[in-house]
Every structure is written in structure tokens, then in C-alpha cells.
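So the structure is just underneath, and the comments pick up after that.
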Amino acid sequence: MTTIASALLHPTTNLRSAAQSGPLVFAHGKGVRIFDREGRDFIEGLSGLWCTALGHGDEELAEAAARQLRDLSYATLFAGKAHEGALDLADRLVAMAPFDAARVFFGQSGSDANDTQIKLVRHYNNLIGRPGKKKIIALDRGYHGVTIGAASLTGLAGFHREWDLPIPGILRARCPYAYLEAHAGEDEDAFTARLVAELEAMIVAEGPETIAAMIAEPVLGAGGVVIPPRGYFAQVRQVLDRHDILLIADEVITGFGRTGEAFGSQTMGLRPDTMTLAKALSSGYVPISAVLLPQQIYQAFEDASATLGVFAHGYTYSGHPLATAIALKTLDIYRERDIFGQAQRMAPVFARHLQALADHPLIGEARSVGMIGALQIVRDRKTRALYDPADGVGAWCADTAGIRHGVLFRATFDTLCFAPPLVISEAELDEMFARVRAALDDALEWLT
Ligand code: PLP
């Protein structure tokens with residue numbers, strides 16, 4: 001029996017549970033807190049969905065939005081048109097990028113931006129006379145979105161099962177998740193060397209002439225905050241270079257200070273060819289995403305004008321004036337208030353709180369980099385055995401215990417994921433983790 005609470009079809013939700021419990025309905029937010037319509041407060045342990053880096057209700061952003069809506073409500077970028085905000089934001093992103101970026105394509109979401117990445121890689125290889133070089137490698141547990149292309153890149157079975165996905169041409173590489181994937185006695189270097197050798201063996205077996213690109217998050221977010229070993233991306237890059245394969249950095253979560261530096265690629269030693277940005281680009285206040293490209297790829301597109309005419313890819317809302325105004329103001333605020341510095345200063349406090357919970361009977365590992373971290377729930381701390389996924393322990397912690405104790409975070413299987421707003425204070429972190437501990441204690445009681 002289900003109760004129909006509203007006509008809303010919830011995205012990424014256990015629909016039966018939601019129908020039975022009814023939705024948690026948020027009414028307003030301020031800073032790191034969000035309030036439901038009964039006035040209960042929740043600390044944003046995941047910045048909404050890893051996006052509201054500046055927390056709720058920033059007056060400067062609200063003013064910028066109101067001003068922009070009055071000044072220029074809409075303008076297209078099609079057919080060579082533009083507006084100041086789109087031009088400025090593209091230039092700002094190219095100037096900030098930690099690689100040789102030359103051009104920026106705007107979208108609305110991380111998913112559509114990663115679909116754009118797939119299309120651009122295909123288009124590029126067609127245009128330079130390599131029509132057979134099309135496959136894309138993605139990591140197991142990687143999360144790249146839910147549109148048909150992006151969901152195919154996503155390495156989580158639930159996003160494929162009964163959805164007729166993935167599309168053909170996606171290759172899967174092992175997740176660089178040492179805690180669960182390393183063999184007994186295998187240290188981090190040996191683990192990295194094994195994964196890199198496996199990757200190269202797969203490339204050789206498939207035929208490098210059929211593989212266009214690899215996509216990876218510098219730190220895998222929605223797949224469970226997996227922090228690859230330090231040397232991993234440098235070695236992956238060497239393999240890709242040997243086989244002329246592009247590396248796409250999906251910085252949708254890790255971009256804009258989350259790892260303590262401007263981009264996760266810098267923190268994790270990942271040297272990308274192209275980059276996907278979204279979420280904190282606007283602090284989650286409005287939908288906007290961006291794909292950053294090097295000159296070499298852009299040039300192929302421009303040169304094709306002679307034969308193809310139009311570069312036939314674009315959205316009605318590519319570079320929407322409201323979105324670019326908010327993104328520009330967000331970037332100003334990051335600089336003026338030294339938000340990335342603040343993230344660096346808070347990161348040790350965040351790490352200390354997570355490590356303090358590593359001793360909890362439910363937790364096998366605590367890990368973090370910058371202001372993104374996770375607690376891995378295990379059934380047996382010695383053997384690292386996990387609970388049966390059907391037990392839903394992680395989901396219970398996040399969706400029942402966390403809500404009961406006023407802290408919001410997400411569970412991927414039994415990994416509890418945290419990424420609070422970058423503006424969170426030490427006192428707020430103390431309060432957040434007191435609530436997380438209470439939620440874990442509840443879960444332990446529920447289990448026994
Ligand atoms: N890429 C990464 C790394 C993400 O974490 C997400 C969303 O969480 C996406 C892509 C998809 O973004 P969106 O939900 O905006 O489509």
C-alpha cells in the first residue's frame with residue numbers, strides 16, 4: 001500500500017520508501033543549515049548534493065540574481081551571439097583552469113556536460129580522420145550523471161539495470177579504492193601498479209586505435225568518496241599518452257576548492273586534456289555546467305566550418321545570463337572571501353572529526369581530502385567484510401538516523417559521504433559531527 005503525497009516523481013529515490021514515509025519538505029535555509037516546514041533544522045553535511053559551497057541565502061548572490069533578471073533575462077549564444085556575462089565567465093574559467101584550456105562550452109548540469117564530452121570526443125576524432133577511435137574508458141564506481149551518455153559512463157550498476165544501459169563503446173576500469181580492492185599485503189604502490197598494468201592490458205586488448213578517451217573524477221564522489229592513491233593519475237596519464245588517449249577530468253564535485261585547492265586535478269596530480277565543471281561553479285544556486293577544451297580540439301571544430309557549416313551542438317540555456325551572472329559572482333566571492341583558503345584551514349578539523357569516528361564499532365575506515373570525506377561501514381572491522389546490501393545499513397544511517405538527528409549526508413551502498421559547505425565554521429563542524437555520531441549510535445542499536 002502506498003500513499004500518494006503529491007504528483008512529484010522523486011529523482012534518484014527509493015520510490016516505495018518515499019511513498020510510505022512521505023517527503024521531507026524543506027522550507028528555507030541560512031548558512032550551513034536548512035529547515036523543514038515544521039521548523040526543524042538540519043546541518044548540510046553534503047552541501048545539498050555536493051554543490052552549495054557558500055551555504056544558503058548569500059545576500060550578494062541574491063542581489064546579483066535580481067539585478068541580472070532585471071537587466072537581461074535571456075540571451076542566446078547561438079549563431080555567434082553572446083552577452084557580457086558568458087564572455088567574461090568563459091575567460092575567467094580559462095584563466096583559472098589548471099591546464100591549457102582555450103574554449104568553454106556551457107550547459108545546465110553535470111550530466112549534459114558529460115554527454116557533451118562524449119559528443120565532442122567523437123566529433124573531434126571524426127574531424128581529424130580517426131573515425132574508429134571512439135571508445136571511452138570510465139572507472140567502476142565513477143559517477144558522471146544520468147543522461148543516456150553520462151549514465152553509461154557512470155560505473156554503478158543501479159544506473160544501468162533495466163535502463164538498457166550502458167550504450168556500446170564504454171570500457172570499465174577497476175576502481176582505485178585501496179581499502180576494498182587491494183589484495184592482502186599489497187601496499188598502495190603495488191596496488192597502483194597493478195591497476196595501471198590492468199588498464200594498459202585492457203587498452204592493448206581492445207586496440208588503442210579504437211579508444212578515444214578516459215574520464216575520471218579526481219576524487220570519486222557519489223561512488224563513495226574514493227581517494228585514489230597519490231601516484232595513480234600520473235601513471236594513468238603515462239599509459240594514456242602512450243596510446244594517444246585523452247583524459248577528461250570530471251570536476252563536477254571536486255572543482256572550486258572542495259579538495260583544498262581550486263581543482264581536484266591539482267590535489268590529485270591529474271593532468272587533464274579537457275574538464276567538466278558544474279555544482280560549485282554557481283555554489284548550486286542556479287543550474288550551470290561547463291566543458292573546458294584545449295585549442296587543438298577547438299581548432300578542429302572551427303576548421304570543419306568549411307565543410308559542415310554550423311557546429312551543431314548547443315542548448316537554449318547554454319550560458320543563460322542568470323547562470324553566468326551567479327557563477328561570476330560566486331567566483332568573485334571565492335576570491336574575495338578566500339573560500340579555498342578557508343577550506344584548507346578547516347580540512348584538518350574535518351579530518352579529525354572523521355578520524356574520531358573511525359573507532360566507532362560500525363566504521364572500518366575514515367578518509368578525507370580537503371572538505372570531502374567518507375566513513376566506510378563494515379560488518380567486521382578485521383576482515384573488512386561488508387553488510388549484505390539488502391540490509392540497507394548505509395541508507396538507514398543517512399535517511400533515518402541522520403534525519404532524526406538533524407544532519408544531512410548520503411550513503412553510497414554502505415559508505416557515508418560528507419562534503420559540508422566550504423564556509424562551515426569549526427563550531428558548526430563540531431555540532432555536525434556530534435549529530436553524525438548520534439546517528440551512528442542509533443544505527444548500531446537498530447542493528448543489534
Ligand atoms: N559528475 C559528477 C562527478 C557528479 O558528482 C555529478 C552529480 O552528482 C554529475 C557528473 C552529474 O551532475 P548533474 O546531477 O548536475 O547532472
Side-chain angles (χ1 to χ4, degrees), residues 10-13 44-53 105-120 136 138-156 158-160 163 165-166 170 175-177 213-228 233 247-259 263-265 267-268 270 272 274-292 315 317-318 320 323 326-327 330 369-374 398 408-412 415 417-419:
H10 290 271
T12 312
T13 293
E44 288 274 24
L46 200 77
S47 302
L49 285 178
W50 327 78
C51 56
T52 51
F105 177 90
F106 290 117
Q108 300 75 224
S109 70
S111 299
D112 71 55
N114 282 330
D115 263 38
T116 290
Q117 291 277 22
I118 297 172
K119 285 185 70 180
L120 296 189
I136 302 186
L139 293 174
D140 194 27
R141 279 181 178 257
Y143 185 83
H144 302 290
V146 296
T147 45
I148 286 183
S152 297
L153 298 175
T154 289
L156 298 165
F159 290 87
H160 299 162
W163 292 101
L165 294 174
I170 308 296
C175 182
Y177 188 2
M214 175 167 177
I215 186 166
E217 301 155 86
V219 173
L220 288 80
V225 188
V226 175
I227 305 166
F233 283 117
L247 181 52
I248 302 168
D250 183 345
E251 292 255 13
V252 166
I253 285 180
T254 50
F256 307 104
R258 178 55 59 189
T259 62
F263 297 97
S265 291
T267 309
M268 300 308 296
L270 188 163
T274 76
M275 188 174 268
T276 307
L277 299 169
K279 295 195 191 271
L281 170 55
S282 64
S283 187
Y285 276 46
V286 290
I288 180 168
S289 59
V291 169
L292 275 55
Y315 302 104
Y317 299 122
S318 282
H320 189 285
I326 293 297
T330 300
V369 54
M371 292 296 281
I372 180 169
L408 300 179
F409 54 92
R410 270 177 70 83
T412 304
T415 309
C417 304
F418 302 91

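Because the structure is a prediction, the values reported are computed rather than measured. Indexing begins at 1, ligand by ligand and atom by atom, following the structure's order.
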Does one side chain, of [X] or [Y], offer a donor that lies under 3.5 Å from an acceptor on the other?
| X | Y | result |
| --- | --- | --- |
| R258 | S47 | yes |
| E251 | S265 | yes |
| T274 | Q117 | yes |

Aromatic plane relationship, F418 with F409 - under 30° parallel, 30 to 60° tilted, over 60° perpendicular: tilted

Answer yes or no: are there more than 12 heavy-atom neighbours, outside L156 itself, under 6.0 Å from its atom CG?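 It does: L156 CG has more than 12 such atoms within range.
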
Is the number of heavy atoms from other residues, nucleotides or ligands under 6.0 Å of Y315 OH greater than 12?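 Yes - once you tally the heavy atoms of other residues, nucleotides and ligands closer than 6.0 Å, there are more than 12.
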
With hydrogens left out, which residues have an atom under 4.0 Å from ligand 1, given that only heavy atoms count? S109, G110, S111, N114, Y143, H144, G145, E217, D250, V252, I253, K279

